[in-house]
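Structure first, then comments.
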Amino acid sequence: MTSKLRRLTLAFAASATLLAGPAQAANNLTVTASFSILGDLVSVVGGDRVQVTILVGPDEDAHVFQPRPADARNLAQSRLLVINGIGFEPWAQGLAKSAGFKGDTVVASAGVKARTMPGDEANRHDHADPHAWQNPNNVAQYVRNIAAALSKLDPAGAGTYGANRDAYIRELQALDAWIRAQLATVPPAQRKVITSHDAFGYFAAEYQVRFLAAQGVSTDTAPSASAVGELLRQIKREKIRAVFVEGMSDPKLMTQLGKDTGATVGGSLYSDALSMADKPGSTYLSMMRHNVTQLVQGMRQN
């Protein structure tokens, strides 16, 4: 774990409640989301009935997050904590305890079948892959769980939450169809990608894209020299040209891999965090469309 990354506690900009006056905000359902992608989903489902605070903000890494006293104070004032689960936020339970949090907690991924990751040099044991949001069909389950939790705490808003949920699920279905159409333009043999860490397993399984990564499922440990060496040999052997840096990651390793193999390092992908508002991945839907556009362009070079 490291404290080098700057951490934010902020109200999510997508929520209309952030523009409301103090009197209106005081009547809204206060929700804390563990990281930026969940903050976006809560804001979409909750609309102007919720006031959302995010613990791990845009372009920040939840794998290495270390809560601050201000995070505990903000959580203590919330009625609902929304977490991803599947081991993504190992710090969440300790934070809730230190905050004296008395509200409800919803695990957004509840009901999603988790992928099992084989052990590697850093982690010898098989473990669950928490990045389930990389498949938009899983996100449909996320928003169902969020809508149910909001409706429980705010029964008067259940109709609004249900309508927002259903409208967003239709957008997710359209996103899924668009992704399939985009990937259909790339021959299956060319669907190979190098990324910073192993965050795209659910996307890979759903859309038949092969991802290779220098790091494992978490970013809290540096990749070993042997792992990087094997990846370098594999890139050369399979003539992979699609190499990408994730928005929250240090680009040095991927840049060096590009130089060593002759591959072109493409634009940033967003894996565990949204981008800031002035970048192309500031919402879940825009993040996924940006990623797919970048991936397709890169894979065509393979």
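Since the structure is predicted, the reported quantities are computational estimates derived from the model, not experimental observations.
A search for side chain to side chain contact (heavy atoms under 4.5 Å, CB included) contacts involving Asn302 returns Gln190, Lys192, Ile240, Arg241, Ala242, Met299, not counting sequence neighbours.
Residue Ser43 comes nearest to Val52 through the heavy atom pair OG-CG2, 3.6 Å, listed as atom of the first residue, atom of the second, then distance. Closest of all the heavy-atom pairs between His131 and His63 is NE2-NE2, 3.4 Å. Taking all atoms of both residues into account, the shortest heavy-atom contact from Ala108 to Asn145 is O-ND2, 2.8 Å. Residues Val56 and Ala62 share a closest heavy-atom pair of CG1-N, 3.7 Å. Among all heavy-atom pairs drawn from Gly46 and Asn164, the shortest one is C-ND2, 4.3 Å. In terms of heavy-atom proximity, Ser268 sits nearest to Asn291 at O-OD1, 4.5 Å.
For Tyr284 (side chain) and Trp133 (main-chain N/O), a donor-acceptor pair under 3.5 Å exists by modelled atom type. Between the side chain of Gln208 and the backbone N or O of Ala205, at least one donor-acceptor pair lies under 3.5 Å. Judged by distance alone, the side chain of Asp40 and the main-chain N or O of Thr283 form no donor-acceptor pair under 3.5 Å. Using modelled atom types, one side-chain atom of Gln141 and one backbone atom of Ala110 make a donor-acceptor pair closer than 3.5 Å.
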Worked verdict on Leu80 versus Val106 for side chain to side chain contact (heavy atoms under 4.5 Å, CB included): CA-CA 7 Å; Leu80 179 67; Val106 59; 4.0 Å; yes

What's the verdict on side chain to side chain contact (heavy atoms under 4.5 Å, CB included) for Thr53 and Gln77, showing C-alpha distance, side-chain angles and the deciding distance? CA-CA 10 Å; Thr53 297; Gln77 298 172 11; over 6 Å; no

Could you give me the CA-CA distance, side-chain angles and deciding distance for Asn137 and Tyr202, then say whether side chain to side chain donor-acceptor pair (under 3.5 Å) is met? CA-CA 10 Å; Asn137 298 298; Tyr202 290 89; over 6 Å; no

Decide salt bridge (charged side-chain N to carboxylate O under 4.0 Å, His left out) for Glu206 and Arg180; before the verdict, give the C-alpha distance in whole Å, the side-chain angles of both, and the deciding distance to 0.1 Å. CA-CA 10 Å; Glu206 184 70 19; Arg180 295 181 191 280; 2.5 Å; yes

Checking Val82 against Ile146 for the side chain to side chain contact (heavy atoms under 4.5 Å, CB included) test, could you report, in this order, the C-alpha distance in whole Å, the side-chain angles of both residues, the deciding distance, and whether it holds? CA-CA 8 Å; Val82 183; Ile146 291 169; 4.2 Å; yes

Could you go step by step and tell me if Phe88 and Phe35 meet the ring pair (Phe, Tyr, Trp, His ring centres under 6.0 Å) rule? CA-CA 10 Å; Phe88 186 64; Phe35 72 119; 4.9 Å; yes

Apply side chain to side chain contact (heavy atoms under 4.5 Å, CB included) to Phe203 and Leu295, showing your working. CA-CA 12 Å; Phe203 185 96; Leu295 289 169; 4.1 Å; yes

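Counting only heavy atoms from C-beta outward, the side chains of Met288 and Pro136 approach each other to under 4.5 Å. Within the 4.5 Å cutoff, side-chain heavy atoms of Leu175 are placed close to those of Arg289. A 4.5 Å side-chain heavy-atom check between Arg79 and Leu29 finds at least one atom pair inside the cut-off. Residues Leu41 and Tyr168 have side chains in contact (heavy-atom distance under 4.5 Å, counting atoms from C-beta outward). Using a 4.5 Å heavy-atom threshold, the side chains of Asp129 and Ile86 count as separate. Taking 4.5 Å as the limit, some side-chain heavy atom of Leu55 sits within range of a side-chain heavy atom of Thr32. Side-chain contact check for Pro58 versus Ser275: every heavy-atom pair is 4.5 Å or farther apart. Using a 4.5 Å heavy-atom threshold, the side chains of Leu183 and Thr185 count as separate.
When Asn28, Leu150, Thr30 are each tested for a side chain to side chain contact (heavy atoms under 4.5 Å, CB included) with Val50, only one passes: Leu150.
Here the CZ-CG distance, from Phe65 to Asp272, works out to 14.0 Å after rounding to the nearest 0.5 Å. For the atom pair Ile194 CD1 and Phe211 CZ, the distance stands at 10.0 Å (nearest 0.5 Å). Between Arg115 atom CZ and His127 atom NE2 the span is 9.5 Å, to the nearest 0.5 Å. Between the CG atom in Leu172 and the CD1 atom in Ile179 there is a gap of 9.5 Å [rounded to 0.5 Å]. Note: His290 NE2 to Ser282 OG = 11.0 Å, rounded to the nearest 0.5 Å. Of the inter-residue distances, the one linking Leu81 atom CG with Ser34 atom OG reads 7.0 Å to the nearest 0.5 angstrom.
Tyr142 and Asn84 share a side-chain donor-acceptor pair at under 3.5 Å.
Residue pairs meeting the ring pair (Phe, Tyr, Trp, His ring centres under 6.0 Å) criterion with at least one partner in residues 144-166, sequence neighbours excluded, do not occur; the list is empty.
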